[in-house]
Amino acid sequence: MESQHDYEHYLTTLFIPAPARRGAWAVRAFNVETALIRENVKDVNIGKMRIQWWRDTIDKTFAARPPNHPVAQALAYTLETSPLSQSWFRRLLTERESNMADPHYATTRDLELYGENTASSILYLLLETLGVRDHQADHAAGHLGKAIGIVTMLRGTPFHIQERRFYLPSEVMAKYSVSTEEVFRNGPNEQLEEAVFEVATAANDQLITSRSFAKDTPERAVPALLASIPCEIYLQALEKANFNVFDPSLRKRNWRLPLSLWNSGRKRVY
């Protein structure tokens with residue numbers, strides 16, 4: 001599932017040491033399962049029921065009574081050797097539930113908070129699978145998650161617009177006089193590209209901040225933080241496309257990603 005729906009982050013987990021890799025796959029699979037709920041259901045109430053099922057599943061799994069579901073079973077196996085924090089699962093599920101109502105993010109800070117509650121939570125769990133409990137690594141993961149959250153919304157914008165959904169911050173859209181209705185009808189325009197540039201800059205700033213903790217972050221935390229590489233590559237490709245999120249080149253798998261991950265993993269940098 002992960003290799004199909006979250007290929008880039010699946011590649012990053014291949015650089016996690018073998019003893020922790022199964023746990024990392026379980027955490028990433030949980031992320032994919034819950035992220036797909038919004039895309040697979042049209043009825044908000046049904047979506048919330050599925051979120052509640054996952055809440056109950058996490059509670060049962062942490063109580064050593066996992067249901068017969070492959071992700072729950074994988075998480076239960078992981079908990080036998082890795083003391084994962086239940087709070088990160090709960091925080092992610094709360095954000096997924098909020099997302100069911102198609103929230104409008106007023107500011108870039110709101111979008112960063114989305115990333116903190118989703119992507120950062122996953123990164124914290126990945127650090128725990130590696131046995132890393134370190135404040136510097138947590139700071140790095142927190143800021144990286146914010147960057148990933150923003151990039152996730154940027155990448156999803158073409159699909160969201162097809163569904164008449166729009167998640168980029170309304171404050172930034174107003175600043176550049178972006179009419180969502182016009183974008184729904186006619187697609188990208190220069191005003192949208194200017195707004196995307198500002199939002200992408202916020203993601204890049206968070207990525208830079210994350211890397212500012214690198215020198216004090218334990219080397220064993222690096223495999224969890226390699227998620228910075230696909231994030232950076234997308235932002236570079238977006239800049240090359242003149243911040244047109246609809247550019248077809250952005251939908252292609254980047255052939256440089258595996259090599260970039262290998263180089264960063266070998267050098268123990270993110």
Side-chain angles (χ1 to χ4, degrees), residues 1-17 20-36 38-39 71 74 92 96 111-112 114-127 129-130 140-160 167 196 199-200 202-204 206-208 210-211 214 221-241 243 245-270:
M1 171 183 287
E2 186 191 353
S3 61
Q4 178 182 355
H5 294 287
D6 194 12
Y7 174 73
E8 293 179 346
H9 289 142
Y10 166 73
L11 287 181
T12 67
T13 61
L14 298 179
F15 295 87
I16 287 180
R21 196 176 302 145
R22 183 171 177 176
W25 284 339
V27 168
R28 283 292 184 190
F30 169 80
N31 184 52
V32 171
E33 283 272 5
T34 57
L36 288 175
R38 175 60 189 87
E39 311 309 330
V71 174
L92 186 143
R96 295 281 189 237
L111 202 55
E112 290 173 350
Y114 160 80
E116 187 174 1
N117 288 337
T118 54
S120 295
S121 295
I122 293 299
L123 293 176
Y124 295 144
L125 288 166
L126 291 178
L127 288 172
T129 66
L130 290 165
H143 288 284
L144 176 55
K146 293 176 184 178
I148 293 171
I150 295 173
V151 164
T152 298
M153 287 303 189
L154 288 171
R155 298 182 85 155
T157 295
F159 169 76
H160 295 150
Y167 294 128
V196 167
V199 176
N204 193 59
Q206 291 294 338
L207 183 59
I208 291 170
S210 174
R211 286 172 168 169
V222 169
L225 301 174
L226 287 178
S228 65
I229 306 301
C231 182
E232 178 183 44
I233 287 177
Y234 175 80
L235 290 172
Q236 290 172 343
L238 183 61
E239 180 179 18
K240 189 175 180 180
F243 299 97
V245 290
F246 288 81
D247 193 292
S249 65
L250 298 175
R251 296 194 294 271
K252 298 177 181 178
R253 285 185 177 178
N254 193 301
W255 62 269
R256 293 190 298 114
L257 177 58
L259 180 60
S260 297
L261 287 170
W262 182 81
N263 280 330
S264 294
R266 179 174 59 86
K267 297 176 182 176
R268 311 299 289 178
V269 296
Y270 66 94

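Computed over heavy atoms, backbone and side chain alike; hydrogens, waters and symmetry mates excluded. This is a predicted model, so every value here is computed, not measured.
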Calculate, to the nearest 0.5 Å, the distance between atoms CD and OH belonging to Glu8 and Tyr234 respectively. 10.5 Å
Show the nearest heavy-atom pair for residues Tyr124 and Ala141, with the distance to one decimal. CE2-CB, 3.8 Å
Within this structure, what is the OG1-CG distance for the pair Thr12 and Leu257, rounded to the nearest 0.5 Å? 8.5 Å
Spacing of Cys231 atom SG and Leu226 atom CG [to the nearest 0.5 Å]: 12.5 Å
Can you give me the closest heavy-atom contact between Val151 and Ala203, atom names plus distance? CG2-CB, 4.2 Å
Looking at every heavy atom in both Leu144 and Leu225, which two are closest together, and how far apart are they? CD2-O, 3.6 Å
For the residue pair Glu116 and Ser121, establish whether any side-chain heavy-atom pair is separated by less than 4.5 Å. no
Can you classify the ring geometry of Tyr167 versus His160 as parallel (below 30°), tilted (30 to 60°) or perpendicular (above 60°)? perpendicular
Polar contact flag, side-chain donor to acceptor under 3.5 angstrom, Arg96-Thr34: yes
Heavy-atom closest contact (Ala200 atom, Phe243 atom, distance): CB-CE2, 4.0 Å
Hey, what do you get for CD (Glu232) to CG (Asn204), rounding to the nearest 0.5 Å? 8.0 Å
Residue pair Asn31 / His9, side-chain heavy-atom distance below 4.5 Å: no
Interatomic spacing from NZ in Lys252 to CG in Asp247 - rounded to 0.5 Å: 8.5 Å
Identify which one of Gln206, His143, Lys146 satisfies the side chain to side chain donor-acceptor pair (under 3.5 Å) criterion when paired with Glu112. Gln206
Closest non-hydrogen atom pair, Ala74 against Ala26: CB-CB, 3.7 Å
Rounded to the nearest 0.5 Å, the CG atom of Leu154 sits from the CG atom of Leu235 at a distance of 7.5 Å
Stepwise, does the side chain to side chain contact (heavy atoms under 4.5 Å, CB included) test hold for Leu125 with Phe30? CA-CA 11 Å; Leu125 288 166; Phe30 169 80; 5.6 Å; no
Going by heavy atoms in the side chains, are Ile122 and Arg28 under 4.5 Å from each other? yes
Is Ser264 reaching over with its side chain to a backbone N or O of Leu261, donor-acceptor style, under 3.5 angstrom? no
Ile148 and Thr152, any side-chain heavy atoms less than 4.5 Å apart: yes
What are the two closest heavy atoms between Ser260 and Ile229, and how far apart are they? CB-CG2, 3.7 Å
Considering only heavy atoms from C-beta outward, does the side chain of Val245 approach that of Leu238 to under 4.5 Å? yes
